[in-house]
Amino acid sequence: MVQKLLNFFVYTSVYITICALVMVWQTNYLLDLHYLQTDYYLFVLFSTICSYNFHWYLTPDSPDTHSERVRWGGRNRWLMMTLCVLAGIGAAWYFWQLKAHWLEIAGAVFLTFLYSAPKVPHKSLRWLSKIAIGKTLFLTFVWTYVTTLLPALIADHTPVIPAILFTLHRFALIYAICILFDRRDIEEDKQAGIRSLITHLPNAQLRKVYYGSLLLALITALGLYPYSDFAGILSLLIAVAATALITRKAWQDNSDYLYYVVLDGFMMLSALLHLGYVCFFSK
């Protein structure tokens, strides 16, 4: 019973949606942003549920798969499509509430589409799977844009230097996590004809890119020190360290829970720690 509830929580993309919302909160707090935050939170909530359920709806079940998430999706395709449609309606409503920023938000919609488009069964979109850098960067860009850059773009009087540093930090950390995901899926991607930087690089070079990305996340976190409190900076550094420490485990273990709970959770780890500090210890 507990596992079924956990599977529902994770595989319907409720969990990853919470990750996105907490990350948006961190952006708002660290950069002290002022805009229609409630409407934006609800837009992110509905659009994340819609886009993720759409993506997994398009992922075909395979009798040879070792992924419980893929098998769960094969058994519950009707549920994913229902959630996609209902959440899509909600996302459209809150997009209208934020229509003054339609151009900036359209960028997020376009990036999200680029990530899932290769799975759409239409030959006019299959060329996207041939773009060598596509898969990893599309996902990293959309997460960074929606949770970090877009709030900064639509807010009033965004501090420029902290916004740049925090965007670079989040991009670098998410990119490192995406490398772990794509390395796990490398054989499936090759069979499906989906190209990425990961499918082209040997392990030695891939490790250099991975640790280089973590190093950039570390440097930019330290660069934010003049613009944030100690707890905020410490939370950013803990997330980088946690990702580095789990690298060997992730390199060897393909468990769905490790990736879709732990590694996805590491994207929001610093935000969750900072939120806990603000709620319980900050005066």
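A quick note: this is a predicted structure, and the numbers were derived from the prediction, not measured.
- Counting non-hydrogen atoms of neighbouring residues, nucleotides and ligands closer than 6.0 angstrom, the CZ atom of Arg75 exceeds 12 such neighbours.
- Within 6.0 Å of CZ in Phe110 there are 12 or fewer heavy atoms belonging to other residues, nucleotides or ligands.
- A distance of 9.0 Å separates CD of Gln37 from CD1 of Ile154, quoted to the nearest 0.5 Å.
- The shortest distance between side-chain heavy atoms of Tyr94 and Val44 does not fall below 4.5 Å.
- Without hydrogens or angle criteria, Thr48 side chain to Thr17 main chain gives no donor-acceptor distance under 3.5 Å.
- Annotation: the span from Tyr15 atom OH to Leu6 atom CG amounts to 9.5 Å, rounded to 0.5 Å.
- A cation-pi arrangement is absent between Lys99 and Trp102 under the rule of less than 6.0 angstrom and at most 45 degrees off the ring axis.
- Judged by distance alone, the side chain of Ser213 and the main-chain N or O of Val209 form no donor-acceptor pair under 3.5 Å.
- Applying the 6.0 Å contact sphere to CD1 of Ile161 captures no more than 12 heavy atoms from other residues, nucleotides or ligands.
- Note: Tyr260 and Tyr11 have perpendicular aromatic rings, judged against thresholds of 30 and 60 degrees for the angle between ring planes.
- Between the Thr27 side chain and the Thr147 main chain, a donor and an acceptor come within less than 3.5 Å of each other.
- For the atom pair Arg69 CZ and Arg71 CZ, the distance stands at 13.5 Å (nearest 0.5 Å).
- A distance of 14.5 Å separates SG in Cys84 from CH2 in Trp56, rounded to the nearest 0.5 Å.
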